[in-house]
Each structure stands twice: as structure tokens, then as C-alpha cells.
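Chain A is the first sequence line, chain B the second, and so forth, proteins listed ahead of strands; every chain is numbered from 1. Below, each value reflects all heavy atoms present in this structure, side chains not excepted, and no hydrogens, waters or symmetry copies. Being a predicted model, the structure only gives us computed values, none of them experimental.
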Amino acid sequence: MAERVHITTAIFYCNAPPHVGSAYEALAADAFARSRRRRLGRANVSFLTGTDEHGDKIRRAAQAEGVPPREFTDRTSAVFRRAWDGLNVAYDYFVRTTDPEHEKFVQQMLERSHARGDIYFKDYEGLYCIGCERFYTEKELLPGGICPSHNRPVERISEGNYFLRIDKYRAQVLEHIQRNPDFIRPERYRNEALNMLAEPLGDLCISRPKSRLEWGIELPFDHNYVTYVWYDAFWAYVSAPASRDPNFISEVFATTEHFIGKDILKTHAVYWPPMLLSAGLPLFRHLDVHGWVNFGGQRMSKSSGNVADPVSYEAAFGPDVLRYFLLREVVYGLDGDFSEQRLIERYNADLANDLGNFTSRVLSMAARYFGGELTCDPVLEGEPDDAALADVMSGLEERVDAQVQELAFNRGLEAIWQALDVANKYIVQTAPFTLAKDQAKLPRVAQILANLTESLRVVAAALEPFMPVTSRRILDLLQVDETAAAAPYGRGLKQGHKVKPATPLFPRIDRKAG
RNA sequence: GGCGGCGUAGCUCAGUUGGUUAGAGCACGCGGCUCAUAUCCGCGGAGUCGUAGGUUCAAGUCCUACCGCCGCCA
């Protein structure tokens with residue numbers, strides 16, 4: 001059977017619009033998905049994202065605007081969808097937890113766990129934070145009964161609720177993590193997860209009484225309750241593909257790559273695996289945990305008013321620029337920093353000077369000396385300069401792909417830029433513009449330009465997962481279709497091929513950050 | 001309080017299992033080229049590798065303590 005992979009971002013809670021941090025996760029997952037599609041074929045990769053739309057916070061946000069929750073999330077979910085479309089996040093599934101097929105699926109999973117005896121009813125009294133939508137123990141609270149993340153008092157609530165047996169599966173999950181060293185990566189987060197699982201866990205409250213909250217999925221075995229939003233949301237990773245492909249759960253789900261932020265490590269490492277096991281599903285393949293994207297050195301937050309809107313950067317600097325910046329600058333797994341100043345520096349140094357200018361000089365010479373036509377095939381051996389160029393261009397995409405699979409997006413891009421460096425040096429070394437002054441040397445000039453054009457093709461192809469629009473633009477200038485774009489170095493462009501004249505891809509930005 | 005991470009050139013960071021004069025990019029200075037988006041290529045300066053000890057023939061790289069920043073758990 002063909003190798004398959006299922007890739008997910010977190011399901012975004014849509015009570016506020018996406019910021020650069022949520023965009024980063026979508027972009028990293030998208031680059032990963034695109035890279036996998038190039039290797040495994042489009043049909044063997046599914047990439048899922050979406051919005052989390054139930055729960056108290058959504059209900060309250062809707063109430064504040066005087067609209068029904070569904071109307072509210074119709075609008076806010078669409079904002080996410082448009083943002084991802086604008087950033088060229090090529091998802092296969094955009095799941096909304098209010099989709100009927102999702103709701104039905106969640107109820108099926110509840111039935112499965114219920115039938116297995118993993119769900120029980122218990123009267124419960126506890127300290128509840130509305131902001132967090134969860135109960136706290138005394139020890140977790142700040143003095144005076146203050147919620148540590150919302151900095152406001154919790155409420156004492158007494159009610160009966162349904163619980164899922166989490167601790168029952170703790171040993172099994174622990175063992176799985178120990179036996180699969182890269183199950184949670186990077187490793188630092190694996191260690192944290194092992195820590196969390198080292199001691200007995202409380203079971204997970206998975207219901208809310210309708211008397212308190214109606215905005216959720218009704219429990220199939222008790223009409224007086226809805227499902228707790230966290231339980232509901234996890235299944236968004238599975239519901240849509242499982243509804244459409246009967247073999248998804250048995251054959252595909254185990255290949256899942258979950259891209260998540262470090263803030264939800266605990267829920268994904270501790271609660272999600274028991275939920276799966278209890279419902280009779282296998283575990284996913286990897287939990288791929290990333291850090292924060294700060295803004296000018298500060299944590300992005302609504303209260304400090306420094307929330308960067310990803311779509312505005314797309315509009316201001318052009319397609320792919322935010323993608324390039326985040327994937328090049330942020331080390332996956334560590335916190336990164338976003339600033340317009342840095343963005344412009346990267347833009348000028350890497351995109352305008354290295355990539356854009358290289359494209360421009362190659363196509364200009366091709367047009368000037370040969371009317372845009374290749375008059376010979378590129379060569380792998382040739383002269384020492386040619387061989388050095390071929391050496392770095394051959395297998396470039398494979399080297400990049402290997403980095404992407406390790407989530408080292410920055411290193412993948414570095415590898416492409418190393419190839420660009422060699423290509424720029426090659427022009428200086430061989431000086432085709434000097435040789436062209438001598439009629440007798442035109443055949444050598446033709447050879448050099450064939451090699452350079454071919455190099456540009458390989459670079460454009462390798463760039464696709466990170467910068468799909470730019471990749472397409474370069475390939476259009478080269479008049480290359482998808483099939484030719486995928487060919488190894490030396491086997492793509494042929495004698496007689498014609499390319500278009502140069503057009504600037506990334507005009508320099510001569511201003512300071514505003 | 002427990003566990004863990006980080007602290008290397010002005011900035012952002014690489015530095016495998018300890019081993020020749022500690023590296024890259026950006027920024028800066030000088031030189032070269034002119035195909036190209038004042039771009040490209042070459043050269044250059046600068047770091048007591050957080051502090052203090054220790055192990056070793058040899059430590060940024062291992063051990064201990066301390067300082068600073070951060071995370072997770074309680």
C-alpha cells in the first residue's frame with residue numbers, strides 16, 4: 001500500500017481572529033503537507049485544519065454581540081478560512097466543530113467509550129473558571145481563589161457530570177511514549193509529557209449540564225448534557241476524513257502528524273491518547289510541538305494590543321513573504337520573534353538580493369544573448385565549475401525534504417540558499433557576460449546559461465513547499481509545467497526550450513520598518 | 001519546592017560521541033565585476049564561548065556550585 005500521511009493543525013478557537021502565531025502553525029503544517037505531497041503524491045496526503053466553535057467563551061462572545069452562537073461562528077470561522085486561503089494554506093479539510101458530520105461522529109465516539117464502561121457519572125463540587133472552562137483545585141489557584149491564567153475569581157459550582165477514565169490508560173500511554181522516542185518532538189516536550197504522566201491523573205470531565213450551557217454537542221446517552229468543548233474539539237482531527245473514507249480510522253489515522261503549540265501539549269499528550277484508546281482508535285504518529293511567535297520581543301496578546309494580523313503582511317509585502325520569514329527565522333519547537341524590521345531585512349537580503357536578483361540576471365542573460373532560447377542541454381560534468389554547480393543542485397529537493405521531515409524548516413531554506421550562493425558564485429567564476437563579447441566563445445556561454453536556467457528550475461521546485469506562489473512565478477518565467485519541474489537536475493530543460501524575459505520578483509524595500 | 005532548558009562576535013544563531021589557530025548569516029569597512037533589483041563576488045575587524053572551581057595530555061563540549069532568563073510540574 002502507498003505510504004500515507006494525515007496532517008493537522010490545532011482546531012482554532014474562533015472567538016478572536018487569527019494572529020501571526022496561529023498563522024505560523026498553519027504555515028508550518030502547510031509546508032510539511034506540501035513537501036509530503038511532492039514525495040507521496042497528492043492523493044496520499046490529507047491536511048486538515050478548522051475551527052473550534054462550541055463552549056462557554058464562544059457563547060459569551062456571541063452574546064456580547066447580540067447574535068446567536070452559530071451566526072457568530074459562521075462569521076468568525078470564515079475569517080480563519082479566508083486568512084488561510086490568503087496565505088495559501090492548502091488544506092484538504094476545513095472542519096468546523098458545528099458541522100453535522102462532526103457532531104454525529106463525536107456522538108459515535110462517546111457511545112464507544114460509554115459502551116466500554118469508560119464513562120461514568122459523578123456528583124462533583126469544585127472551583128470553576130469560566131474563562132478556562134475548567135475546574136481548578138485549591139492548590140492550582142492564586143491566593144484568594146484567583147484563576148492564574150485569567151486573574152479573576154473562580155466560582156464554586158456543584159453539579160453532576162460525566163467523566164472519562166483517563167488514568168486507566170496512563171500506563172499504556174506512558175509506555176508508548178517511552179517506546180517511541182520521537183512520538184512527541186522536539187525532545188524537550190517529550191520530557192515534559194513524561195513528567196506529566198509520571199503521577200496518577202484525574203479523570204476528565206467531559207460534559208456540561210444544559211442548564212448551564214446549551215452550546216455544545218448533546219450527549220447521546222443523556223439529553224440533559226452537552227459535551228465539554230475540549231472533548232468535542234479533538235475529534236475534529238478525525239471526523240471529516242473518517243466520514244468520507246471508511247478506511248481512514250483503520251489505515252490512515254495512525255500516520256497522523258499533529259502540529260500544535262506548546263500551550264496545548266498537556267491536553268494532547270495526556271488526554272487525547274486515552275480518548276483515542278478508549279474509542280478503539282490507534283494513536284497518532286507524532287505530536288509536533290512548536291513555541292510562541294513573539295512580536296518585537298513581546299508576547300503577543302490582545303490586552304497589550306500588539307497582535308499582528310498575518311493577512312495585512314501578505315497585503316503589504318506580497319505573497320509568500322510572511323511565509324518565508326516565519327519558516328526561515330523561527331526554529332520549530334523554540335520561541336521565535338516577529339518584527340517588521342526583521343522582516344524587511346530578510347526580504348531585502350534573501351528575497352530581493354539573493355533569490356530575486358539571481359532570477360533576474362539569469363533570465364536577462366538568456367534573453368540578451370540567445371533570445372531566451374536554450375541552445376544546448378545542461379550538463380552534470382562539463383568543466384569543474386559546471387560540476388560544482390551540478391553537485392549542489394543535484395538532490396537539492398531531497399536534502400530539503402529531509403530537513404522538513406525533521407521539522408527543520410529553517411534548515412531546509414538554508415539549504416536552498418546555499419545552492420543559490422553557489423549559483424551566484426558560478427556566474428562570477430564563469431563570467432558569461434565577458435565571454436559573450438567573443439563570438440568564438442558563445443557555445444560556452446550557451447552551456448553556462450543552460451546550467452543556470454536548469455539551476456533556477458531546481459531551486460524553484462525546492463521552494464514550492466515554503467513559497468508556492470513564488471515557485472509558480474519562477475516556473476512560469478521558465479515555461480515549465482509540474483512534470484518538468486519535478487525532474488532531477490540535468491533532466492529538466494532541454495535544448496530548444498524557451499524562457500521568458502526577466503521581471504522583478506521582489507523589488508527592494510528602501511525604508512525602515514513603520 | 002521538584003524537574004528541565006537556555007546564557008557563544010553589534011544582532012540572530014551553528015557548534016556531532018571532549019581534540020589542530022571557535023564558525024555562519026545579517027550589519028559594518030575595503031577591494032573587484034557589471035549580466036542583474038545600487039544587485040553579485042572576494043577580503044577584513046571584532047568573542048577571556050554567563051561566573052568560579054574541578055576532571056583530563058586536551059573542555060564552548062563532561063562534573064560541582066553560583067548568577068541571570070525561561071518553561072513544565074507541585
Side-chain angles (χ1 to χ4, degrees), chain A residues 136-142 148-149 184 186-202 261-270 289-292 294 296-299 318 325-326 328-339 341-370 372 385 403 408 410-411 413-418 420-437 445-446 448-449 452-453 456 477 501-510 512:
Chain A
Y136 277 93
T137 60
E138 298 273 5
K139 286 188 295 185
E140 292 173 304
L141 297 171
L142 300 175
S149 38
I184 298 171
E187 192 178 4
R188 52 190 330 195
Y189 297 112
R190 174 181 188 261
N191 294 333
E192 288 187 10
L194 286 170
N195 234 327
M196 296 171 192
L197 289 161
E199 291 176 39
L201 300 163
K262 64 181 183 182
D263 53 324
I264 52 177
L265 170 65
K266 183 173 185 178
T267 51
H268 283 74
V270 174
V289 187
H290 64 80
W292 304 120
N294 294 321
Q298 301 281 306
R299 173 81 193 279
F325 179 82
L326 291 174
R328 174 64 185 79
E329 189 91 348
V330 178
V331 177
Y332 196 90
L334 301 181
D335 290 356
D337 192 52
F338 174 87
S339 76
Q341 176 78 46
R342 279 298 275 181
L343 180 84
I344 291 174
E345 285 171 12
R346 280 280 177 202
Y347 178 100
N348 281 334
D350 300 351
L351 300 180
N353 295 351
D354 292 340
L355 176 62
N357 183 58
F358 175 71
T359 303
S360 194
R361 62 198 306 209
V362 170
L363 294 178
S364 292
M365 284 191 280
R368 173 185 296 225
Y369 302 131
F370 300 101
D385 287 332
Q403 296 292 356
N410 60 327
R411 293 192 173 188
L413 282 166
E414 275 177 33
I416 296 174
W417 259 256
Q418 279 167 15
L420 277 171
D421 280 349
V422 172
N424 272 320
K425 285 181 179 61
Y426 177 79
I427 296 179
V428 173
Q429 287 290 320
T430 57
F433 42 84
T434 303
L435 300 178
K437 292 171 183 162
V445 177
I448 292 165
L449 283 174
L452 283 169
T453 322
L456 183 58
L477 289 169
T503 169
L505 296 172
F506 299 101
R508 272 188 72 86
I509 299 171
D510 288 313
K512 293 286 180 188

Using atom [atom1] in both nucleotides, what's the gap between [N] and [M] to the nearest angstrom?
N	M	atom1	value
B/G50	B/G7	C1'	6 Å
B/C43	B/A58	C1'	33 Å
B/C70	B/C62	C1'	24 Å
B/U16	B/U55	P	24 Å
B/C49	B/G4	C1'	22 Å

[N] [atom2] sits how many Å from [X] [atom1], rounded?
X	N	atom1	atom2	result
A/Arg190	B/G5	CZ	C1'	16 Å
A/Met196	B/G2	CE	C1'	15 Å
A/Leu265	B/C70	CG	C1'	16 Å
A/Leu334	B/U12	CG	C1'	13 Å
A/Glu329	B/C11	CD	P	15 Å
A/Asp337	B/C69	CG	P	19 Å
A/Glu199	B/C73	CD	C1'	8 Å
A/Leu201	B/C72	CG	P	18 Å

Within the 4.0 Å heavy-atom criterion, would you say A/Pro432 contacts the bases, only the backbone, or no part of the nucleic acid? nothing
Give A/Leu505 one of three labels, base, sugar-phosphate or nothing, depending on what nucleic acid heavy atoms sit under 4.0 Å from its own. base
Heavy-atom side-chain contact between [X] and [Y] under 4.5 Å:
X	Y	answer
A/Met196	A/Leu265	yes
A/Trp292	A/Asp263	yes
A/Arg361	A/Asn424	yes
A/Lys262	A/Asp335	yes
A/Leu355	A/Trp417	yes
A/Phe358	A/Ile427	yes
A/Leu505	A/Leu477	yes

The answer to which of A/Gln429 and A/Tyr189 contacts RNA chain B further toward the 5' end, by nearest nucleotide, is A/Gln429
Would you kindly compare A/Glu192 and A/Pro504 by the position of their nearest RNA chain B nucleotide and give the one closer to the 5′ end? A/Pro504
Other residues, nucleotides and ligands only: do more than 12 of their heavy atoms fall within 6.0 Å of CZ on A/Arg411? no
Electrostatic pair A/Glu345:A/Arg342 at N-O distance under 4.0 angstrom: yes
Represent RNA chain B in dot-bracket notation, 5' to 3'. Only Watson-Crick or G-U wobble pairs with both distances under 3.5 Å count; pseudoknot-style crossings use [ ] and interstrand partners use |. (((((((..((((.....[...)))).(((((.......))))).....(((((..]....)))))))))))).
For the NZ atom of A/Lys266 and the CG atom of A/Leu197, what is their distance to the nearest 0.5 Å? 9.5 Å
Under a 4.0 Å heavy-atom criterion, the protein footprint on nucleotides 24-36 of chain B, written with B, S and -, is ---------SSBB
